[in-house]
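For the single chain, residues carry numbers from 1 onward in sequence order. Whatever order the structure lists ligands and atoms in, that order sets their numbers, starting from 1.
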Amino acid sequence: MPVIVIVGTQWGDEGKGKVVHSVAQKAQVIVRYAGGANAGHSLELNGKRIVVRLCPSGITTPGVLCLVGPGVVCDPEVLIAELQIAKAAGSRVLLDRDASVILPLHKLVDTAREMARGSKALGTTRNGIGPAYEDRDARRDFRLQDLATEASIRKALERGNLHADRTRDALPGGVLPPSIDELVAWGSQFKELLEYLGDSRAVVEEMLEQGAVVVAEGAQGFGLDVDQGTRPCCTSSSSMPAGFSKSFGIYHFNCVIGIAKAYGTRVGEGVMPTLMDTEWSRRMQELGQERGSVTGRIRRVGAMDLPYLKFACRRGGITHLVITKLDLLTGNKIPVCDGYRYKNTGMRVEKHTTLTTEVLENVDPQFTLLDGWSEPIGHCRRYEELPQQAQTYLKLIESSTRVPIIGIGVGPDRDAIIWRDSLSSLSQSL
Ligand code: GDP
Ligand code: IMO
Ligand code: MG
């Protein structure tokens, strides 16, 4: 019963979508287990690019069963758009009937809070993620199954007091929260979702019993995980494998593939020790088109942060790494952070230190400049074809994280990836 978990190891946008898209060709089931439409996973094939926000990154792969798990917070409008993509591609989608719904009020409250915080805003995507998870944790969430009839919509809103409870939040521009009647009318527009509802946990259990390869797709990344990330500038769900375990009751994985970009980026607010404002970082920003796939905001760029990647691998249970966007490093020396020292004492940060926001804000990253290479590598499909300097860089990542690199992204296309190990052998590992 092979279970492969794929997660981000930095601050999101590592290229999870592209890697899952590649793996989807060999998997039977792909599950998105946490987060919401704050995510944007880019899938590219033959120059055609699609950004998926809620459904698994297998929806463009014919025949794959794509599940949206009960721990996801769903924007119904986004789901409807993505179901069209799945239908056109010939993949199958099942939405867990227990997944929470993002109500219009959640987005209003998210936006109002961000505006009220002014310069201390968290930089959320304003998609209502935080408020929706608050309702879920308070056990008053509105679930996909509640969309069934006008009566069930009204009942769920009343059960959670959802139409009235958040009027205390000052909404932007004097906007009034929607009334219960308006919310019932809103919820009644999404009837076409009903035929896709089911029990995703039962399906996973059954498919595993039949020997299917199940891929669990994380959203965001280690640094944005609600428990392990850089609080308060993080999201409200578990990006790490624990998020999958929590909903699905599965605690044994054949492998946990951590995706890391060959350099660092971060969108939204929050600490980033290796942030740079240099000719190199501006070049990477431009070459990598480092803008949020969902909000269009500029992603800040910096050097590869090995201490943070090491930390994410250890605490995230990463067993294998995929390094993406290596192709973009062509033509330059490569800055890498290989250690942290405390700003006030100059002492090295010890291995087992928990890298919280407070710690990260007080470190001086130690940089090394590695030799680069000049030839394009987008065509490489075998590790041995990579220039020596690229191999040296990858070996440095492996030796500092002590995690083997099994894949290397050399372009945005689904097939622009060097796999050093087959999915079937990964399914056997551990
Ligand atoms: P995700 O949220 O982790 O799925 O990542 P995003 O899709 O938000 O951002 C990653 C971006 O990098 C997308 O534009 C991808 O098309 C692109 N990308 C992914 N892997 C590679 C790669 O190996 N090389 C290049 N040049 N681009 C890549
Ligand atoms: P994928 O899956 C990058 C960031 C936001 C903000 C913080 C909280 O594409 O990697 P939220 O709306 O979740 O309350 O915002 O988290 N954020 C992401 N950054 N990629 C993502 O997803 C993100 N999802 C949330 O920018 O800093
Ligand atoms: Mg993204």
**Request:** Apply salt bridge (Lys or Arg N to Asp or Glu O under 4.0 Å) to K395 and E398, showing your working.
**Result:** CA-CA 5 Å; K395 279 182 195 137; E398 283 186 321; over 6 Å; no
**Prompt:** ring-ring contact (aromatic ring centres under 6.0 Å, His included) between F311 and F222: does it pass, once the steps are laid out?
**Reply:** CA-CA 9 Å; F311 176 65; F222 181 85; 5.4 Å; yes
Judged by atom type as modelled, is there a donor-acceptor pair below 3.5 Å linking the side chain of [X] to the main-chain atoms of [Y]?
X    : Y    : value
E44  : I50  : no
Y393 : A262 : yes
E182 : S179 : yes
R32  : G36  : yes

**Prompt:** Does any N/O atom on T124 come nearer than 3.5 Å to any N/O atom on ligand 2?
**Reply:**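 It does not: no N or O of T124 is found under 3.5 Å from an N or O of ligand 2.
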**Message:** Between ligand 2 and D110, is the shortest N or O to N or O distance under 3.5 Å?
**Reply:**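 The answer is no, given that D110 and ligand 2 share no N or O pair closer than 3.5 Å.
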Against heavy atoms of [X], which atoms of ligand 2 measure under 4.0 Å?
X    : result
G268 : 26 (O), 27 (O)
W11  : 3 (C), 19 (N)
K16  : 1 (P), 2 (O), 10 (O)
A219 : 2 (O)

**Message:** Tell me the closest heavy-atom pair linking I102 and D75, and the distance in Å.
**Reply:**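 That closest heavy-atom pairing would be CG1-N, 4.1 Å.
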**Request:** May I ask you to identify, for R297, whether its side chain, its backbone, both or neither come under 4.0 Å of ligand 2 on a heavy-atom basis?
**Result:**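 Within the 4.0 Å criterion, R297 contacts ligand 2 through side-chain atoms alone.
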**The single option from R139, R140, R113 passing salt bridge (charged side-chain N to carboxylate O under 4.0 Å, His left out) against E134** =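 Testing each of R139, R140, R113 against E134, the sole residue satisfying salt bridge (charged side-chain N to carboxylate O under 4.0 Å, His left out) is R113.
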**Ring center gap for W11 and Y308 short of 6.0 angstrom** =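 Judged by ring-centre distance (under 6.0 Å), W11 and Y308 do meet the cut-off.
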**Request:** Only counting residues at least two apart or in another chain, list the ones meeting ring-ring contact (aromatic ring centres under 6.0 Å, His included) with F142.
**Result:**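 For F142 there are no ring-ring contact (aromatic ring centres under 6.0 Å, His included) partners, ignoring immediate neighbours.
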Considering only non-hydrogen protein atoms, determine which one is nearest to [atom] and report residue, atom name and distance to 0.1 Å.
atom                    : value
atom 3 (C) of ligand 2  : D13 OD2, 3.2 Å
atom 13 (O) of ligand 2 : T235 OG1, 2.6 Å
atom 12 (O) of ligand 2 : T125 OG1, 2.6 Å
atom 16 (O) of ligand 2 : L224 CD2, 3.6 Å

[X] touching ligand 2 at heavy-atom level, < 4.0 angstrom:
X    : value
G123 : yes
V267 : yes
C234 : yes

**Request:** Inspect the contact between R283 and E286 and indicate whether a charged nitrogen and a carboxylate oxygen are less than 4.0 angstrom apart.
**Result:**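 No, this pair does not count.
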**Message:** Measuring from atom 23 (C) of ligand 2, which candidate in Q220, R299, R126, Q10 has the nearest non-hydrogen atom?
**Reply:**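 Looking at heavy atoms only, the winner is Q220.
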**Message:** Looking at non-hydrogen atoms alone, which of S237, A37, G40, A132 comes nearest to atom 9 (O) of ligand 2?
**Reply:**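 Heavy atom nearest to atom 9 (O) of ligand 2 belongs to G40.
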**Item:** F190 vs L79 side-chain heavy atoms within contact, under 4.5 Å
**Value:**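 Side-chain contact under 4.5 Å: no.
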**Message:** Over 60° means perpendicular and under 30° means parallel, so tell me whether W280 and Y263 are parallel, tilted or perpendicular.
**Reply:**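 Ring orientation of W280 relative to Y263: perpendicular.
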For each nitrogen or oxygen atom of ligand 1, which protein N/O atoms lie closer than 3.5 Å, and how far apart are they, rounded to 0.1 Å?
from	atom 1	to	atom 2	distance (Å)
ligand 1	2 (O)	D13	OD1	3.3
ligand 1	2 (O)	G40	O	2.9
ligand 1	3 (O)	E14	N	3.1
ligand 1	3 (O)	G15	N	2.8
ligand 1	3 (O)	K16	N	2.8
ligand 1	3 (O)	K16	NZ	2.8
ligand 1	4 (O)	K16	N	3.3
ligand 1	4 (O)	G17	N	2.8
ligand 1	5 (O)	G15	N	3.3
ligand 1	7 (O)	S42	N	2.8
ligand 1	7 (O)	S42	OG	2.5
ligand 1	8 (O)	D13	OD1	2.9
ligand 1	8 (O)	G40	O	2.8
ligand 1	8 (O)	S293	OG	2.8
ligand 1	8 (O)	R299	NH2	3.3
ligand 1	12 (O)	K325	NZ	3.1
ligand 1	14 (O)	R49	NH2	3.1
ligand 1	23 (O)	K325	N	2.9
ligand 1	23 (O)	G409	O	3.2
ligand 1	23 (O)	V410	N	3.4
ligand 1	23 (O)	G411	N	3.3
ligand 1	23 (O)	G411	O	3.3
ligand 1	24 (N)	D327	OD1	2.8
ligand 1	24 (N)	G411	N	3.2
ligand 1	24 (N)	G411	O	3.4
ligand 1	26 (N)	D327	OD1	3.4
ligand 1	26 (N)	D327	OD2	2.8

**Asked** What's the verdict on side-chain hydrogen bond (donor to acceptor under 3.5 Å, both in side chains) for K18 and S22, showing C-alpha distance, side-chain angles and the deciding distance?
**Response** CA-CA 6 Å; K18 175 242 172 78; S22 170; over 6 Å; no
**Message:** My understanding is that only one of K16, E217, H21 makes a side chain to side chain donor-acceptor pair (under 3.5 Å) with S57; could you say which?
**Reply:**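 Filter result, single survivor: E217.
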**Prompt:** Which residue pairs pass the side chain to side chain donor-acceptor pair (under 3.5 Å) test with at least one member in residues 83-96, sequence neighbours excluded?
**Reply:**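 Those involving residues 83-96 are D96-S200.
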**Request:** Take D98 and R143 through the salt bridge (Lys or Arg N to Asp or Glu O under 4.0 Å) test and state the conclusion after the steps.
**Result:** CA-CA 5 Å; D98 275 343; R143 295 160 304 164; 3.5 Å; yes
**Prompt:** What is the number of protein N, O or S atoms that sit under 2.8 Å away from the Mg ion (ligand 3)?
**Reply:**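 That number is 2, waters not included.
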